[in-house]
Amino acid sequence: MGFDLELRCPRPTPMIVTLGVHASRAGDLLEADPLQVTPAVPLRSYVDSYGNRCHRLVAPAGLLRLQGSGLVADPGWTDPVLPELEQRPVEDLPDDVLLFLLASRFCESDLLTDLAWSRFEGAPSGWGRVQAICDFVHQHVRFDYNRSSPTKSALQTLESREGVCRDFTHLAIALCRCMNIPARYCTGYLSDIAVPPPHTAMDFHAWFEAYLGDGWHVFDPRNNTPRIGRILIARGRDAADVALTTSFGPSVLESFQVWAR
């Protein structure tokens, strides 16, 4: 898997880059995926408060190229489906999970509570309720690359009924949190393994994890079917926490390629 992207900055611009495979998959790397920057600039790595590997740099004026590629061993299993898992009462949740019940920048669960309870209170608790939310989002929202924006929120997606995987995920997360199910945003690679052609141009993908039973479990409202070859890069409350690049100044994305073969 890998990426190759180019940004143009009118002046030297500090940046945060979050593009490496997540530490939870580091043991599966057969070939590492180090960040390569052209022109070469000093890099400083750190781990953020969500456990994501990040790099700090100052992009020079002009064109900046970010590249990385690696080889990962994946067992080839589809995403697990565990309908027996139950939702835990809020008072029994681990302390570090409670953050993912709260409204966040792109997941305004406080504005969607009435809708969520009227639609999903009757759904089976636990896994069945999360799946009912994914079914609703998958059916309610039409996928369209041209009908999203970097500032689009869950409520706006509900109202417009169109967007990209990021928007599907934000809406599903917000509805889960309304129902007292902790949910966190994930971004990474998703292969086309076992998916019949034609295949669309590849991009980084967004999905989410819901806390059920005693752990976190994958759900993907955009595809709404178990997939093979899902490689995590970063997790957070929503897309604001896991931006692939964050520029502290103006920058323009000029080219973008992603692959997971």
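Throughout, residue positions are numbered sequentially from 1 according to the sequence presented. Values below: every heavy atom of this structure, side chains too, minus hydrogens, waters and symmetry copies.
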Considering all heavy atoms, the nearest F168-V137 contact: O-CG1, 3.5 Å
Can E108 and S153 be said to form a side-chain hydrogen bond (donor to acceptor under 3.5 Å, both in side chains), step by step? CA-CA 8 Å; E108 318 100 316; S153 71; 2.5 Å; yes
Step through the shown structure and confirm whether more than 12 heavy atoms of other residues, nucleotides or ligands are within 6.0 Å of CG on D92. yes
Looking at R235 and D241, does any basic side-chain N land under 4.0 Å from a carboxylate oxygen? no
Okay, side chain of H217, backbone of G213: is any donor-acceptor separation there less than 3.5 Å? no
Is M202 reachable from L19 through a run of hydrophobic residues whose side-chain heavy atoms are each under 4.5 Å from the next? yes
Exactly one of R177, R105, R184 should register a side-chain contact (heavy atoms from CB on, under 4.5 Å) with R237. Which one does? R177
Go through it in stages, so that I can follow the logic: the residues are E6 and L66, the test is side-chain contact (heavy atoms from CB on, under 4.5 Å), and I'd like the CA-CA distance, side-chain angles, deciding distance and then a yes or no. CA-CA 6 Å; E6 293 180 331; L66 303 173; over 6 Å; no
Where is the tightest heavy-atom contact between Q87 and M179, given as atom of each residue plus distance? NE2-O, 2.9 Å
Once rounded to the nearest 0.5 Å, what's the spacing between atom CG of L63 and atom CD of E254? 5.5 Å
Are D48 and R53 close enough for a salt bridge, meaning some N to O gap below 4.0 Å? no
Drop me the distance from I173's CD1 to F106's CZ, to the nearest 0.5 angstrom. 11.5 Å
How many angstroms lie between CZ in F100 and OH in Y211, if you round to the nearest 0.5 Å? 12.0 Å
T169 side chain vs F208 backbone, donor-acceptor pair below 3.5 Å: no
Give the intermediate values and the outcome of side-chain contact (heavy atoms from CB on, under 4.5 Å) for residues I133 and V130. CA-CA 5 Å; I133 289 171; V130 180; 5.5 Å; no
So if you build clusters from Ile, Leu, Val, Met, Phe, Trp, Tyr with side-chain heavy-atom gaps below 4.5 Å, do I228 and V21 land together? no
Shortest non-hydrogen contact between A59 and L57, atoms and distance: N-CD1, 3.5 Å
Interatomic distance, OG@S24 vs CG@N52, rounded to 0.5 Å, equals 9.5 Å
Spacing of CG belonging to L232 relative to OG1 belonging to T187, to within rounding of 0.5 Å: 8.0 Å
Take Q131 and N224 through the side-chain hydrogen bond (donor to acceptor under 3.5 Å, both in side chains) test and state the conclusion after the steps. CA-CA 9 Å; Q131 187 57 58; N224 207 30; 3.0 Å; yes
For D238 and R166: C-alpha separation, side-chain torsions, deciding distance, then whether salt bridge (charged side-chain N to carboxylate O under 4.0 Å, His left out) applies. CA-CA 9 Å; D238 57 31; R166 172 184 186 274; over 6 Å; no
Below 4.5 Å, heavy atoms only, C-beta onward: do F3 and F204 meet side chain to side chain? yes
Any link between L115 and I181 through a network of hydrophobic side chains (Ile, Leu, Val, Met, Phe, Trp, Tyr) touching at under 4.5 Å? yes
Interatomic distance, OG1@T13 vs CZ@R11, rounded to 0.5 Å, equals 6.5 Å
Looking at V72 and M1, what are the two nearest heavy atoms and their distance? CG1-SD, 3.9 Å
Would a distance-only check, ignoring hydrogens and angles, find a side-chain to backbone donor-acceptor pair under 3.5 Å from S118 to D114? yes
Do the side chains of L244 and L5 get nearer than 4.5 Å, heavy atoms only? no
Polar side-chain atom of D167 near backbone of T157 as donor-acceptor pair, under 3.5 Å: no
Between W216 and L85, is there a shared hydrophobic cluster once you connect ILVMFWY residues whose side-chain heavy atoms come closer than 4.5 Å? no
Nearest non-hydrogen partners of A61 and P10, listed with the distance: CB-O, 3.8 Å
When you compare the side chain of L101 with that of L93, does any pair of heavy atoms fall below 4.5 Å? yes
Output, in order, the C-alpha distance, side-chain angles, deciding distance and verdict of side-chain contact (heavy atoms from CB on, under 4.5 Å) for V242 and T18. CA-CA 7 Å; V242 300; T18 308; 5.8 Å; no
Any side-chain heavy atom of C9 sitting closer than 4.5 Å to one from P60? no
Is there a side-chain contact between D79 and T225 (heavy atoms, below 4.5 Å)? no
Would you please indicate yes or no on a ring centroid separation below 6.0 angstrom for Y185 and H170? yes
Is there a side-chain contact between Q139 and D135 (heavy atoms, below 4.5 Å)? yes
Would you say W117's side chain and C178's backbone share a donor-acceptor pair under 3.5 angstrom? yes
Indicate yes or no: at least one non-hydrogen side-chain atom of R88 is less than 4.5 angstrom from one of D214. yes
Assess the residue pair L43 and R56 against the criterion (side-chain contact (heavy atoms from CB on, under 4.5 Å)); give the C-alpha distance rounded to whole Å, side-chain angles, the decisive distance to 0.1 Å, and a yes or no. CA-CA 6 Å; L43 295 174; R56 296 179 64 176; over 6 Å; no
Assess the residue pair D144 and R161 against the criterion (salt bridge (charged side-chain N to carboxylate O under 4.0 Å, His left out)); give the C-alpha distance rounded to whole Å, side-chain angles, the decisive distance to 0.1 Å, and a yes or no. CA-CA 10 Å; D144 190 336; R161 304 190 64 164; over 6 Å; no
Please name the pair of heavy atoms, one in L64 and one in M15, separated by the smallest distance, quoted to 0.1 Å. CD2-SD, 3.9 Å
Is the closest side-chain heavy-atom distance between P226 and V81 below 4.5 Å? yes
Determine, using ring centers only, whether W127 and F219 are less than 6.0 Å apart. yes
Can any side-chain N or O of H55 pair as donor or acceptor with the backbone N or O of I16 at less than 3.5 Å? no
Sub-3.5 Å donor-acceptor pair from the side chain of S191 to the main-chain atoms of I193, do we have one? yes
Determine whether L35 and L71 fall in the same hydrophobic cluster, where Ile, Leu, Val, Met, Phe, Trp and Tyr are linked whenever their side-chain heavy atoms lie under 4.5 Å apart. no
Please report whether the ring centroid of F120 lies less than 6.0 Å from that of F136. yes
Does D220 come within less than 4.0 Å of R230, counting only side-chain N to carboxylate O? yes
